[in-house]
Every structure is written in structure tokens, then in C-alpha cells.
Amino acid sequence: METIYFEETQHFSRGFLIIPAMVAILFGGMFVVQVVFKISIGNRPVPTWLLFSIFLLTTAFTVFMYSQQLKFKITSQAIYFSLGVFAPMQSIKTDQIASISLRKYNGVGEFSGWGVKSNATENCYTTSGDEGMEIKFKNNAQKPILIGTHKSAEVQEILSKYFSALKN
């Protein structure tokens, strides 16, 4: 039976969603003014269909980005992770792991930001922050994976207690 040692769910920073939310509110308000109150905005008003389309797209984008999350779980048999609403849960079996360790990283400098990213040496799954669990594989053909965590002390405790043979 598989024992769950650790679970974490992370979200992207919500601060960057202020701009698309404000754009959605602005174009939604303009749509209401033109349709409900029959007041044209400006000398050459934007077509109603375009106002509604921009409102719809920015609202959908804001809701979609708000719902994105990184799910990360360490069990006795595997490490599971998924980043995104539609992304399937991926797993790395413990017998595939050569080493596992925590490390600091620079999301922008190393991976050009956060999300599902890749550089020349490894793949990264992160939402924010600068600490992650780096997994290196026995099969050297596969790039190492870095999974961001906001609970590095708890992860360190789990790694020390249950995965000390794999620790770097």
C-alpha cells in the first residue's frame, strides 16, 4: 500500500491578474453603456461585438490563470506532480531516481519565469519562489526535474526520513 508522506498545492501569484481583470471590467462596462444605455462611447464607437469579445476573452483568461495550480505529492512509491488544470498527474517512481535534493534556484534567470519550463540542463515545474526539489534519474538520458516548493523544511524532513539513500 502506498503511504502519502507529503502533499502541497501552490498557486501562481495573483498580483499579475489585476491588469486583465481591470481590462475585463473596463470593456464589460463599455459594453453595458453602449447596449443597455444606448450611449455611444467616443466619436467612432467600438463595435458592440468587439467590446463583448474583448470582455469575454479577458474574463476567460483571468479565470483560467486564477485556477492554475501546481499539485505535488511524495509517497512511499513515487513522486507525483501536475501543473495546470488540464495537465495529467505525472509520476516518478522511486526506483527511477538516482538522487534527490533541495536547492535554491532563480526562476527568471534559469528558466525565464515560472510555469512548466525547460533549459539546457533540466525541466522545471514551479509557480513562484526560489526553492525546489531536484530529481536526477538513473537513466542519464532523461533531464533532471526541478519541482518548486513553498514548504522546503517539510520536504527536507521527508527526504531525510524516508529517502536518505537517494539524497545528494
Exercise. Under the salt bridge (Lys or Arg N to Asp or Glu O under 4.0 Å) rule, collect the residues that match up with E110, sequence neighbours excluded.
Key: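 Counting only residues at least two positions away or on another chain, E110 forms a salt bridge (Lys or Arg N to Asp or Glu O under 4.0 Å) with R103.
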Donor-acceptor pair, distance only, cut-off 3.5 Å: does the side chain of [X] make one with the backbone of [Y]?
| X | Y | value |
| --- | --- | --- |
| Q96 | K93 | yes |
| S160 | E157 | no |
| K138 | D95 | yes |
| Q77 | T94 | no |

Quiz item: Yes or no on side chain to side chain contact (heavy atoms under 4.5 Å, CB included) for I41 and V33, after CA distance, side-chain angles and deciding distance?
Solution: CA-CA 8 Å; I41 298 173; V33 167; 4.0 Å; yes
Partners meeting side-chain hydrogen bond (donor to acceptor under 3.5 Å, both in side chains) with [X] (sequence neighbours left out):
| X | answer |
| --- | --- |
| T149 | E8 |
| R14 | H11 |
| S13 | none |
| K143 | S118 |

As an exercise, state the distance from [atom1] of [X] to [atom2] of [Y], rounded to the nearest 0.5 Å.
| X | Y | atom1 | atom2 | result |
| --- | --- | --- | --- | --- |
| F61 | Y66 | CZ | OH | 15.0 Å |
| L102 | Q156 | CG | CD | 5.0 Å |
| I74 | I92 | CD1 | CD1 | 10.5 Å |
| F163 | I100 | CZ | CD1 | 6.0 Å |
| M89 | Y80 | CE | OH | 9.0 Å |

Contact summary for [X] and [Y], nearest pair of heavy atoms:
| X | Y | value |
| --- | --- | --- |
| S67 | F64 | OG-O, 2.8 Å |
| V23 | T58 | CG1-CG2, 3.7 Å |
| S128 | Y105 | O-OH, 3.6 Å |
| A87 | S82 | O-OG, 3.0 Å |
| P144 | E122 | O-CB, 3.1 Å |

Hphob cluster co-occupancy, [X] + [Y], side-chain heavy atoms under 4.5 angstrom:
| X | Y | value |
| --- | --- | --- |
| V36 | I54 | yes |
| L26 | I39 | yes |
| L17 | I25 | no |
| V155 | I4 | no |
| V35 | L57 | no |

Heavy-atom distance under 4.5 Å between the side chains of [X] and [Y], does that happen here?
| X | Y | result |
| --- | --- | --- |
| V85 | Q68 | yes |
| F55 | M30 | no |
| Q34 | L51 | yes |

Restricting to side chain to side chain contact (heavy atoms under 4.5 Å, CB included), what partner residues turn up for [X], sequence neighbours left out?
| X | answer |
| --- | --- |
| V108 | N106, W114 |
| A21 | T62 |
| E131 | K104, S152 |

Quick one: ring-ring contact (aromatic ring centres under 6.0 Å, His included) partners of [X], sequence neighbours excluded?
| X | value |
| --- | --- |
| F31 | F52 |
| Y5 | Y162 |
| F12 | none |
| F6 | F72 |

Practice problem: Go through F111 and L146 one step at a time and tell me if the side chain to side chain contact (heavy atoms under 4.5 Å, CB included) criterion holds. | Solution: CA-CA 11 Å; F111 301 101; L146 179 72; 3.8 Å; yes
Quiz prompt | Between E2 and T75, a side-chain donor and acceptor under 3.5 Å | solution =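 Yes, side-chain donor-acceptor contact under 3.5 Å.
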Quiz item: So I145 and E134, side chain to side chain contact (heavy atoms under 4.5 Å, CB included) or not? Walk me through it.
Solution: CA-CA 6 Å; I145 292 178; E134 186 175 57; over 6 Å; no
Self-check item: CZ (F37) with more than 12 external heavy atoms under 6.0 Å
Solution: no
Quiz prompt | Steps toward side chain to side chain contact (heavy atoms under 4.5 Å, CB included) verdict (I147, I135) | solution = CA-CA 8 Å; I147 302 171; I135 302 166; 4.0 Å; yes
